[in-house]
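In each ligand, atom 1 is the first atom listed, and ligand 1 is the first ligand listed. All values reported here derive from a predicted model rather than from experimental measurement.
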Amino acid sequence: MRTALINQPTLRFDAVAGIGPHPREGAVIEAIRAERRKLTIEWDDGIVLETSWRFSGEWHLYRSDVRWQKPMSEARAVIEVDGWVAVCFGPVRIETYRAPDRHRHPQCGGAGPDIRRTDVDIVALVDRMIAYSDSSATVAEVLGDPRVMTGVGNVERSEVLWSVELDPWTEFGELTEDDCETLVDVAQRLATVGPHGLHVYGRVGQRCERCHGTIAMATSGADPRPVYWCPDCQTDPGEGLVLPLNLQRVEPHPVEAMYLNDARAARQRVRIFDDLRELG
Ligand SMILES: [Zn+2]
């Protein structure tokens with residue numbers, strides 16, 4: 001269902017007994033979250049649709065030209081995008097509402113885990129980052145957002161981005177899961193061990209030791225904390241972020257390597273399972 005609907009403009013939205021605002025025509029579906037007996041869909045105009053059921057109730061996904069498996073009269077909500085129709089059947093509680101300002105209030109809620117703690121769950125942290133609701137936020141914003149993680153000070157933020165040669169103003173949505181893992185990994189090392197000297201922080205106008213470019217400084221949005229970076233060697237993620245040589249371990253601890261691999265596989269399994277379940 002995610003594959004068919006996400007990033008698609010809505011051609012039609014109907015909800016029987018749907019109380020609340022509807023997404024405007026053409027609004028783009030941004031996120032679909034499935035929990036036990038509950039499915040939440042979010043549009044880019046801030047409308048959220050929540051469907052939940054107690055015993056029976058389900059979402060079906062059909063190609064636009066295919067006959068539904070249940071009569072139209074039983075449909076409780078219909079969302080149509082180019083080529084696909086998603087239909088919710090069954091005794092379902094349907095509610096739509098306008099998320100107050102979800103760019104400022106990502107679904108994470110509350111403060112994120114402290115990355116300096118040795119027992120911090122890196123996998124959960126990466127998940128939290130991936131779930132960041134505003135994919136148009138910059139990586140500098142996400143990295144400095146205490147709702148994603150705490151313990152990354154402003155100094156570390158600039159140094160982390162320099163370490164992985166990433167432009168702070170890259171849209172967060174351009175990062176892959178692997179990129180997020182690398183970011184969190186580097187952030188944790190710099191936050192716990194501290195940076196090996198300052199490469200960009202506080203060095204506006206000075207030369208970048210990597211490429212001899214000139215270090216710049218800027219702030220963004222409501223965040224008054226300055227970001228320092230080298231516009232010459234910090235670019236978009238391209239083929240993916242690379243762990244800097246000085247932070248690479250000779251050999252990752254086998255248990256850690258196994259755990260990270262397992263977590264990555266589990267994430268993929270969950271996603272496939274979600275999709276299958278949503279397909280019914
Ligand atoms: Zn540079």
Side-chain angles (χ1 to χ4, degrees), residues 103 106 112-116 120 122 125-132 134-252 256-257 260 264:
H103 292 310
D114 188 335
I115 200 164
R116 290 164 302 189
V120 71
I122 292 293
L125 218 162
V126 170
D127 282 343
R128 200 174 175 93
M129 193 178 227
I130 291 168
Y132 202 81
D134 181 5
S135 59
S136 67
T138 65
V139 290
E141 265 181 85
V142 176
L143 204 54
D145 192 329
R147 291 161 304 184
V148 176
M149 57 181 132
T150 52
V152 181
N154 199 39
V155 176
E156 287 90 15
R157 176 165 71 154
S158 293
E159 295 296 326
V160 167
L161 294 170
W162 183 85
S163 285
V164 296
E165 301 179 32
L166 180 62
D167 180 352
W169 316 116
T170 305
E171 277 193 7
F172 177 68
E174 282 184 42
L175 299 193
T176 63
E177 280 184 35
D178 285 349
D179 292 337
C180 291
E181 262 180 42
T182 305
L183 260 190
V184 168
D185 194 359
V186 174
Q188 194 196 26
R189 289 175 207 209
L190 293 191
T192 46
V193 185
H196 306 276
L198 298 181
H199 303 282
V200 281
Y201 190 84
R203 297 189 60 220
V204 64
Q206 296 180 28
R207 280 216 168 152
C208 166
E209 64 190 63
R210 189 165 50 207
C211 74
H212 301 289
T214 306
I215 291 163
M217 185 268 277
T219 55
S220 99
D223 188 351
R225 299 172 304 167
V227 177
Y228 295 86
W229 84 107
C230 170
D232 288 330
C233 63
Q234 290 182 242
T235 55
D236 63 44
E239 300 289 293
L241 300 183
V242 179
L243 204 57
L245 277 177
N246 65 334
L247 292 178
Q248 276 174 21
R249 292 171 195 163
V250 183
E251 216 175 293
E256 185 193 27
L260 285 173
R264 201 173 299 138

Less than 4.5 Å apart, any side-chain heavy atom of T214 and any of D232? no

Is the closest side-chain heavy-atom distance between I130 and E177 below 4.5 Å?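 Side-chain contact under 4.5 Å: yes.
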
If you round to 10 degrees, what value do you get for the angle at the Zn ion (ligand 1) between C211 atom SG and C230 atom SG? 100°

SG (C208) to the Zn ion (ligand 1) to SG (C233): angle, nearest 10 degrees?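 Seen from the Zn ion (ligand 1), SG and SG are separated by roughly 110°.
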
Measuring to the Zn ion (ligand 1), does H212 have an N/O/S atom at a distance below 2.8 Å? no

Donor-acceptor pair, Q234 side chain versus L166 backbone, under 3.5 Å?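 Yes; judged by distance alone, with no hydrogens or angles, the pair exists.
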
Ring-plane angle category for W229 and W169, please: parallel below 30°, perpendicular beyond 60°, tilted otherwise. perpendicular

